[in-house]
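For reference, the structure discussed in these notes is given below.
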2 protein chains.
Amino acid sequence: MSKGEQTRSAIVAQSLDLASVVGLNGLSIGALAEHTGMSKSGLFAHFGSKEALQLAVLDAAEERFVEMVVKPASKAPRGVARIREMFERGFEWERSWAGTGGCVFNASAPEFDDQPGAVRDRLVRAQRDWRETLVRVARGAVQTGEFRPDLDCEQFAYEVKAINLGYIHSSRLMRDPKAEAHARAAFERLIQTSLAHPLH
Amino acid sequence: MSKGEQTRSAIVAQSLDLASVVGLNGLSIGALAEHTGMSKSGLFAHFGSKEALQLAVLDAAEERFVEMVVKPASKAPRGVARIREMFERGFEWERSWAGTGGCVFNASAPEFDDQPGAVRDRLVRAQRDWRETLVRVARGAVQTGEFRPDLDCEQFAYEVKAINLGYIHSSRLMRDPKAEAHARAAFERLIQTSLAHPLH
DNA sequence: GCCGAAAAAGCACGATCGTTCAATATCTTG
DNA sequence: CAAGATATTGAACGATCGTGCTTTTTCGGC
């Protein structure tokens, strides 16, 4: 890896933490330069525009997400076990942002949902990929016979995402110590009502 | 109402729409001045600080929310009917922000969840009030005998909020036309599993 | 209609924003 | 080690930010 590449990725790593606190828009070249000990222009030269930096941050975040959540969870046995693994690793993912500002995707979504452009498109793509993953995993549980054959898997994915958003809202904004317990309870209820043979 | 008060409230009204698009931080005095046809300093004098403006915006938003959602829904008969009314009016509330940037509370939550200060405190209070309202309404449905006596009403409130957040995410960011249908389905499932006597 | 009060405007400040560009330092390779 | 490519700096740009003044306009009660 050349010198340029490695400083670039170091910048992006720092940007990830900073962006998670102040948002993708709040990311300022100046603050980032001071934080990394570089000059503004030297840092800027690696990206050419702020938008390119934001996109690089999102790319890095997604890569990290795949590595930390999707890939390992995909090794769990197909079906409910894999779903649980995905859900559980979602907590780890959130925990990995503790001390910073929380998952950059969810932190940036409300900020860009009305601002057309490449960043918004990138956010949408990431969320769509994740949702499709959830749908696929749910279908797997239908095929193993654990979930009802008539289960609406898109609805299932929607609800998993909703539980996750609720968790973030409750833990990060409200600082509710019961946030995780609430999320788990909601998830268990979701699983229960999705099973082909509920435990009465 | 004096001249000052009426221009002040006109400014706040404009700020509401603008803030819902660009966020409470993105609210700039300059852009707001241009948008209202006033001078920056004339506008600024009404608040004394940007933070005071942000707080005024939140106050106005909450008042609007109470007027549009809480008050009317409170007139519905106690129990599930009132819960449904609250949920239903939540859609109207979101719809009332169509064309702008969506509910300013939810749009600002991720932006301030790591920035201590009066604005954050104000956001937390608003959300806490709303959650307590939901808990109270759920308790009402327990008392009427519609909901299970052992229902965890705080859990119920958490899930209603989560469904709402999921709806916003799905409709605003993903532009999913099925967002509302998903939210409704999730809500119905929540009601079903909360009933004392589920419809089989 | 006058006059004190209140509201709005005008102007300027220092700071910071994203960005450009020429000059310098550092790497990488022959 | 030399030399060409690459990385980084420093200074500056126009714009905009939130905010503090002083001055002017407008309002409201007598």
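Proteins come first, then strands; the chains are lettered A, B, ... in the order of their sequence lines, and each starts at number 1. Everything numeric here is computed off the predicted structure, so don't read it as measured data.
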#### Entry: Euclidean distance, atom CG of residue A:L53 to atom C1' of C:dG18 [Å, nearest integer]
11 Å
### Task
Assess whether one donor atom and one acceptor atom, taken from the side chain of B:K40 and the base of C:dG10, lie less than 3.5 Å apart.
no
### Query
Is a side-chain donor or acceptor of A:R122 paired with a backbone partner of A:Q54 at a separation under 3.5 angstrom?
no
### Query
Just how far, in rounded Å, is P of D:dC17 from NZ of B:K50?
8 Å
### Task
Compare side-chain N and O positions of B:S49 against OP1 and OP2 of D:dG18 and report whether any pair is under 4.0 Å apart.
no
### Message
I want to check one thing: is the phosphate of D:dC21, taken as OP1 and OP2, less than 4.0 Å away from some side-chain N or O of B:S41?
### Response
no
#### Entry: Touch class at under 4.0 angstrom, heavy-atom based, for B:L27 against every strand present
sugar-phosphate
#### Entry: Integer-rounded Å distance: C:dT26 P and A:Q6 CD
15 Å
### Query
Over how many whole Å does the gap from B:F44 atom CZ to C:dA12 atom P extend?
19 Å
### Query
Starting at NZ of B:K3 and ending at P of D:dT26, how long is that distance when rounded to a whole Å?
9 Å
### Task
Tell me whether the OP1 or OP2 atom of D:dT8 has a side-chain N or O from A:H46 closer than 4.0 Å.
yes
### Task
Would you classify B:A45 as touching base, sugar-phosphate or nothing, given that sugar-phosphate means primed atoms plus P, OP1 and OP2, and contacts are heavy atoms under 4.0 Å?
nothing
### Task
Please answer whether the main-chain N or O of B:T36 pairs with a side-chain N or O of B:Q14 as donor and acceptor at a distance below 3.5 Å.
no
### Query
Taking for each residue the nucleotide of DNA chain D with the nearest heavy atom, is it B:G30 or A:G42 whose nucleotide lies nearer the 5' end?
A:G42
### Task
Starting from the 5' end of DNA chain D, give me the residue, B:S2 or B:G26, whose nearest nucleotide shows up first.
B:G26
### Query
Just how far, in rounded Å, is P of D:dG18 from CD1 of B:I29?
5 Å
### Query
Checking B:R136 against B:W130: charged group under 6.0 Å from the ring centre and within 45 degrees of the axis?
no
### Query
A:L32 CG to C:dT16 P: how many Å, rounded?
15 Å
### Task
Mark yes when over 12 heavy atoms from residues, nucleotides or ligands other than B:R95 sit less than 6.0 Å from its CZ; otherwise mark no.
yes
### Query
Taking atom C1' of C:dA8 as reference, at what distance in whole Å does atom CD of B:E5 sit?
16 Å
### Task
May I ask you to say what A:S28 touches in the nucleic acid, namely base, sugar-phosphate or nothing, with a heavy-atom cut-off under 4.0 Å?
sugar-phosphate
### Task
Compute whether any side-chain donor of one residue and acceptor of the other, for A:K161 and A:Q127, lie under 3.5 angstrom apart.
yes
